[in-house]
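Comments concern the structure below.
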Number of protein chains: 2
Amino acid sequence: MKDISRAHCPIRRATDILTDQWSFLILREFFLEGRKRRFQDLQQELGLSPNTLSNRLKHLENTGILERRLYSSHPPRAEYVLTEMGARFGPVLEALYDWGTSYPETDKKPKSD
Amino acid sequence: MKDISRAHCPIRRATDILTDQWSFLILREFFLEGRKRRFQDLQQELGLSPNTLSNRLKHLENTGILERRLYSSHPPRAEYVLTEMGARFGPVLEALYDWGTSYPETDKKPKSD
DNA sequence: CGGTATCCCTATTGATACTG
DNA sequence: CAGTATCAATAGGGATACCG
């Protein structure tokens, strides 16, 4: 592994933004389903409450990972798209996917402590 | 990006285990500082309270990512080491490191929403 | 359709003191 | 040294109803 310094650590910067229950999974939808996602799409795909989704989307917007585009307000039509920074997140998800794939499903149980 | 299905998604498996504030950063110490870490090392390196560290270490132990080795109880001497599964986490941290490196420090502020 | 507004619950975290 | 015990604050999250 390359030189990772603790001061201003890039991993710390990443986890400060992303370590809630949903952010990784929201971003995953953009790589799995398409670059443009709508509020209702995400809600159905992920099965989370609208207020939670709203909070997380705003957070990802404020941190420059997603961009919100409002096309009409009546009826409302909004789309969320990955920014440059958001698009660069693909390799992280791939690495996480690979790791998760090799995680044993049965002999160790997540969240059971 | 490869085929990522939502049912039994490996990324979901990963985030179920790791999306708290500290787990990524604890694991990072094992790649940055060495494969064997002691309780006090981690506490000083990360600057978290002992109960929080204790909780997270137990969680990582229960999920098969770290192994705890107790060598003597008086004075106590314990070491935490990466399991096979834990060692495979390196690429994820590297990808996250790369992403974090390209994250702009100034124009967008994490955790400020 | 794309959200807000409430209400409420729980997990995570910090601070601090203490123990074998 | 390696934790545990308490106490308390707070952020994340679910459920539900509602709004423009």
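Keep in mind it's a predicted model, so treat the numbers as computed, not measured.
- Backbone-only contact: B:L48 has heavy atoms under 4.0 Å from sugar-phosphate atoms and none from a base.
- Comparing D:dG3, D:dC1, C:dG3 by their closest approach to the side chain of B:A78 singles out D:dG3.
- Atom-to-atom, CD of A:Q43 to P of D:dG13 comes out at 14 Å; the value is rounded to the nearest Å.
- Going from atom CG of B:D16 over to atom P of C:dT12 covers 12 Å, rounded to whole Å.
- For the pair A:W22 and D:dG14, the criterion of a side-chain N or O lying under 4.0 Å from OP1 or OP2 is met.
- The phosphate of D:dA2 has neither OP1 nor OP2 within less than 4.0 Å of any side-chain N or O from B:R77.
- For the pair B:R68 and D:dA2, the criterion of a side-chain N or O lying under 4.0 Å from OP1 or OP2 is not met.
- A:Y71 comes within 4.0 angstrom of nothing in the nucleic acid, heavy atoms only.
- Ring geometry, A:F24 versus A:F89: the interplanar angle falls from 30° to 60°, so the pair is classed tilted.
- Phosphate proximity of D:dG3 to B:K58: absent, as no side-chain N or O sits under 4.0 Å from OP1 or OP2.
- Within the structure, a side-chain polar atom (N or O) of A:T52 is placed less than 4.0 Å from OP1 or OP2 of D:dG14.
- Exactly one residue among B:E29, B:E79, B:E45, B:E67 makes a salt bridge (Lys or Arg N to Asp or Glu O under 4.0 Å) with B:R37. That residue is B:E45.
- Contact between the side-chain N/O atoms of B:Y80 and the OP1/OP2 oxygens of D:dC1 is not found at any separation under 4.0 Å.
- Not one side-chain nitrogen or oxygen of A:Q21 sits closer than 4.0 Å to the OP1 or OP2 atom of D:dG12.
- For the pair A:D20 CG and C:dT12 C1', the computed distance is 13 Å after rounding to whole Å.
- Spacing between atom CZ of B:F24 and atom C1' of C:dT12 amounts to 16 Å, rounded to whole angstrom units.
- Residue contacts for B:P75: at a heavy-atom cut-off of 4.0 Å it reaches no nucleic acid atom on any strand shown.
- OP1 or OP2 of C:dG3 has not a single side-chain nitrogen or oxygen of A:S54 nearer than 4.0 Å.
- In terms of phosphate contacts, B:R56 brings a side-chain nitrogen or oxygen within less than 4.0 Å of OP1 or OP2 of C:dT13.
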